[in-house]
Number of protein chains: 2
Amino acid sequence: MPTPHYGQPRYRVIADELRTRIETGAIPPGALLPPESALMAEYRASRGTIRQAIGVLREARLVATEHGRGTYAALRSSENESGLLAGVGTVELIRVREVAADEDLAEAFEVEAGTALVERQSVQRVGSAVRLVKRTYRLRGDD
Amino acid sequence: MPTPHYGQPRYRVIADELRTRIETGAIPPGALLPPESALMAEYRASRGTIRQAIGVLREARLVATEHGRGTYAALRSSENESGLLAGVGTVELIRVREVAADEDLAEAFEVEAGTALVERQSVQRVGSAVRLVKRTYRLRGDD
DNA sequence: AGAAATTTGTCCGTATGTATC
DNA sequence: AGATACATACGGACAAATTTC
């Protein structure tokens, strides 16, 4: 199979399909997703494509992956596992994730509430103390 | 070379090296990074690895890529501090209000959830369309 | 305790399509 | 038209963490 990207790329289609499985409970919270090898067979896609699809879900914090174990559907309470405290710089990007637009954001972007937005959170430190937290929101279409 | 290393994936090492070049001014703001082919030769890495490294910097908004052009070092002074895209469109402060800290914010500021924070929301427009919404959070009385 | 199997992580090389200069 | 760069997709390989036998 060469590379026809008509419309949606395959990894996005696969990501959406897996997202639906998680959101409908076909894959319950905390459960393991099928291993990459199984998804390769099911979707007849290469491993790279499967991993790219899972990467989309991971960025959206819908799944979490552990080396040697597998990829789990996220638990609702495991939201604050960012734990990126390495930088000494003044501004540090903490995370990027997809969130559903609340009413305010939906009104600003003129979309329906619940539309997926990309949220970036960063913190500004003075010494070790957090001075400010910044969250920016963009449409998924990007810049 | 099969796959040496570990301790740090190659693409992260390359990303860190490029980040240093940008932050030290070896690659000045707005300047083009070397093309992928040059980085491939310099680091003896495959294209995918180079692109992955650049992807890390792009996500952190340290660089920006343009189709058919190349990858530029970001204009740190105006772009990184504000989180906005330099010089594009108009910025308008929408509102200031007090909100209760959610779990993420409480953890960042090292206070209890529910502590009052000052939230400022502003939007960046290009024409009439909203490009980006920014929300900043500070402790009350901290400016 | 140890070896094998499973699963994810990373890297390589290649190929095709698309967009811009 | 040609060069450059990006997006997507494939296949193969070895490394590392975990589980299973």
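Hydrogens, waters and symmetry mates are skipped; everything else that's a heavy atom, side chains included, is used. Every chain is numbered from 1 and lettered A, B, ... according to where its sequence line falls, protein lines coming before strand lines.
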Inset, instruction - Look at the side-chain N and O atoms of B:T49 and state whether any lies under 4.0 Å from the OP1 or OP2 oxygen of C:dT10. - result: no

Inset, instruction - Report yes if a side-chain nitrogen or oxygen of B:S46 is closer than 4.0 Å to either non-bridging phosphate oxygen (OP1 or OP2) of C:dT14; otherwise report no. - result: no

Inset, instruction - Side chain of B:R58 only, please: which of C:dG13, D:dA7, D:dA5 is the nearest? - result: D:dA7

For the pair made of [atom1] in [X] and [atom2] in [N], what is the distance, rounded to whole Å?
X     : N      : atom1 : atom2 : result
A:I50 : C:dG9  : CD1   : P     : 14 Å
B:M40 : D:dT4  : CE    : C1'   : 13 Å
A:H67 : C:dT6  : NE2   : C1'   : 11 Å
B:I54 : D:dA5  : CD1   : P     : 10 Å
A:I14 : D:dT8  : CD1   : P     : 13 Å
A:Y11 : D:dC10 : OH    : P     : 13 Å
A:E36 : D:dG11 : CD    : C1'   : 15 Å
A:L33 : C:dT8  : CG    : C1'   : 13 Å

Legend entry - Salt-bridge criterion met for B:R135 and A:D102 (N-O under 4.0 Å): yes

Side chain to side chain, [X] and [Y], heavy atoms closer than 4.5 Å:
X      : Y      : value
A:E112 : A:T115 : yes
A:E110 : B:V130 : no
B:Y137 : B:V99  : yes

Inset, instruction - Please tell me which of A:Q52 and B:G70 maps to the more 5' nucleotide of DNA chain D, matching each residue to the nucleotide holding its nearest heavy atom. - result: B:G70

Inset, instruction - Would you mind telling me which residue lines up with the more 5' stretch of DNA chain D, A:A45 or A:G68, judged by nearest nucleotide? - result: A:A45

Inset, instruction - Can you check whether any acceptor in the base of C:dG9 is under 3.5 Å from a donor in the side chain of A:R47, or vice versa? - result: yes

Inset, instruction - Indicate, yes or no, whether a donor-acceptor pair under 3.5 Å links the base of C:dT10 to the side chain of A:R51. - result: no

Inset, instruction - Remember a base hit wins even if backbone is also touched, and classify B:E66 as base, sugar-phosphate or nothing at under 4.0 Å, heavy atoms. - result: nothing

Legend entry - Sole residue of B:I14, B:L62, B:L39 in side-chain contact (heavy atoms from CB on, under 4.5 Å) with B:I54: B:L39

